[in-house]
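In this text the structure is predicted, and so the values were computed from the model without any measurement.
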Amino acid sequence: MRKAMRGSISVRQAMATFGSALNDALSLIVFSFLDLLDILFCFLYKILDYIMESEWRPCYCSSSPKDMITSFGKILVSESGRSKVVTLSSSKLQLEDISDTLYCRSPLLSDVSRLTVNQLCRLKSVSSRDTSTVITSRGSAVVRSSTTGSPTTTVTVNSAIIQTLQGKIGGHKSHLVPRWSDCHCADCNPISQDTLFVKAQGPPDGNIVEEDVLFIHGFISSSAFWTETVFPNFSSDAKSRYRMFAVDLLGFGRSPKPADSLYTLREHLEMIERSVLEPYNVKSFHIVAHSLGSLIALALAVKYPGAVKSLTLIAPPYFPVPKGEQQPTQYVMRKVAPRRIWPLIGFGASMICWYEHLSRTVCVLLCKNHRFWDIAFRLVTFNRVRTYLMDGFFGHHHIGSFHTLHNVICGSAGKVETYLDVVRDQLNCSVTVYHGRNDELLPIHCSYAVKSKVPRAQVKIIDRKDHVTIVVGRQKAFARELEEIWKNAKS
């Protein structure tokens, strides 16, 4: 029996090893091809943009940096790579919100070669190291700072970022209208560009609001993730006591999608403040957030430490950065988007994250034509299936999703540790973390890592649920669990 069991275990281990090696080999081939394809699409979109919009539009793989660096003021960048400030004209913008993963995404073959060389160097015990710190990227404007007797530090600012800053700060033309490759319908382009779309559900007339709850959706989603699932399943008692707000984040759903925005974490926070906290006079509130929304929720909790009553995070994308890691944003990008063809959801994340022009093509095919796909889906299913998840997926423009992914998920790599420290030491609210055991996009150790930083956090792993079905499909149970969390937060 023991020999048979050992043999079975050995076979499974061998099959797992073979499967992993096959996945690595196929991924190398596929993503090397995609690297080349993205370059071709770069040239294609340059031509199409000029034909359709009568101007050349910048991209993050551009090879022609602009002279505006010297024309519109100095660029001040700290050598630590954390508190960066860009000064253009008479205004300043902190570059700490802009992730270098936007313009530093090396091809897979280059990564493999670099890792191979590094491993050979370790094996040969090579001790000599270059004392200079150089961070460069194709199509970037360079700012150098050095002191006598000190190693030179070279920091790059991509031309696409500079052109966007030029529109925001330098008084040049801003591209507020959707691009030719984006959808032009009224739902995707609201008249008001100043506030987010907010779905508010409160007590009936005459009832006093006891507490407020803010719901924040995840990446490539919308407020319907909440309003079509848990909102209808709250008890009558909860509906009579709580005022609930579900927002479409900047760049998603029916919220504004400005073409001149960098979609930084700060911009997302400011829009939530302007759309919910200020107009509805919200003084204290509970937060429920999914995936990407968890990072925004943490930043909001840190900004309003005395106002948050409870913090519920679902599948938070928290990857602790190892000590000594010189490029935390790059580390997180490789965790979120590992460039593997399996699992498929990870392949999709890698496509969106690593390939600026291929991901734009996906948006052209799907998001720009979302009405067609919605009608087709309804015909195929005989209108029997609710399509709110599809609406959330299709309801975004490429510039918003691409920048949010890099500037919030990847760009928060150096901030989440601090946020969690503040939640642990300065906030008294309860912290509850949910994660699906079958989540193939974000592993469950992300949630356990949150608990390691905030020991009072309660981690609940839900069996047979993934990144979406952690809520969708168990909305009744989840609604009851939320009510219990809010009730216990008062005691």
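- Side chain of Lys257 to main chain of Pro178: no donor-acceptor pair is present (N/O by atom type, distance under 3.5 Å, no hydrogens or angles).
- Checked against side-chain hydrogen bond (donor to acceptor under 3.5 Å, both in side chains), Tyr45 has the following partners two or more places apart in sequence or in another chain: Thr361.
- The side-chain hydrogen bond (donor to acceptor under 3.5 Å, both in side chains) check on Thr312 picks up nothing, with sequence neighbours excluded.
- Using a 4.0 Å cut-off between charged nitrogen and carboxylate oxygen, Arg474 and Glu481 count as a salt-bridge pair.
- In this structure, Asp391 has no salt bridge (charged side-chain N to carboxylate O under 4.0 Å, His left out) partners at least two apart in sequence or on a different chain.
- Using a 4.0 Å cut-off between a side-chain N of Lys or Arg and a carboxylate O of Asp or Glu, Lys283 and Asp212 do not qualify as a salt bridge.
- Every pair passing salt bridge (Lys or Arg N to Asp or Glu O under 4.0 Å) that includes a residue from residues 430-439 is listed here, sequence neighbours excluded: Arg437-Asp463.
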When the side chains of residues 289-307 are checked against the rest of the protein, which donor-acceptor pairs come out under 3.5 Å, sequence neighbours left out?
residue : atom : partner : partner atom : Å
His290  : NE2  : His467  : O            : 2.9
Ser291  : OG   : His467  : NE2          : 3.1
Ser294  : OG   : Ser291  : O            : 3.2
Lys303  : NZ   : Glu273  : OE1          : 3.4
Lys303  : NZ   : Glu273  : OE2          : 2.8
Tyr304  : OH   : Glu273  : OE2          : 2.5

N/O donor to acceptor pairs below 3.5 angstrom from side-chain atoms of residues 217-226, sequence neighbours left out:
residue : atom : partner : partner atom : Å
His217  : NE2  : Leu249  : N            : 3.0
Ser222  : OG   : Ala224  : N            : 3.3
Ser223  : OG   : Asp248  : OD1          : 2.8

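- Under the rule for a salt bridge (charged side-chain N to carboxylate O under 4.0 Å, His left out), the partners of Asp237 that lie at least two apart in sequence or sit in another chain are Arg241.
- Between the side chains of Asp49 and Trp180, at least one donor N or O lies within less than 3.5 Å of an accepting N or O.
- Evaluation of the side-chain hydrogen bond (donor to acceptor under 3.5 Å, both in side chains) rule for Ser359 yields His398 as partners, not counting sequence neighbours.
- Evaluated for a side chain to side chain donor-acceptor pair (under 3.5 Å) with Tyr60, the options His403, His357, Glu356 yield exactly one hit, His403.
- Not counting sequence neighbours, the partners of Glu417 by the salt bridge (charged side-chain N to carboxylate O under 4.0 Å, His left out) test are Lys453.
- Comment: Glu211 does not engage Arg243 in a salt bridge, judged by the lack of any side-chain N to carboxylate O separation of less than 4.0 angstrom.
- Legend: side-chain hydrogen bond (donor to acceptor under 3.5 Å, both in side chains) pairs involving residues 363-372, not counting sequence neighbours: none detected.
- Annotation: side-chain hydrogen bond (donor to acceptor under 3.5 Å, both in side chains) contacts of Gln330 (sequence neighbours excluded): Arg334.
- By the salt bridge (charged side-chain N to carboxylate O under 4.0 Å, His left out) test, Arg340 is found to be paired with Asp24, residues two or more places apart in sequence or in another chain being considered.
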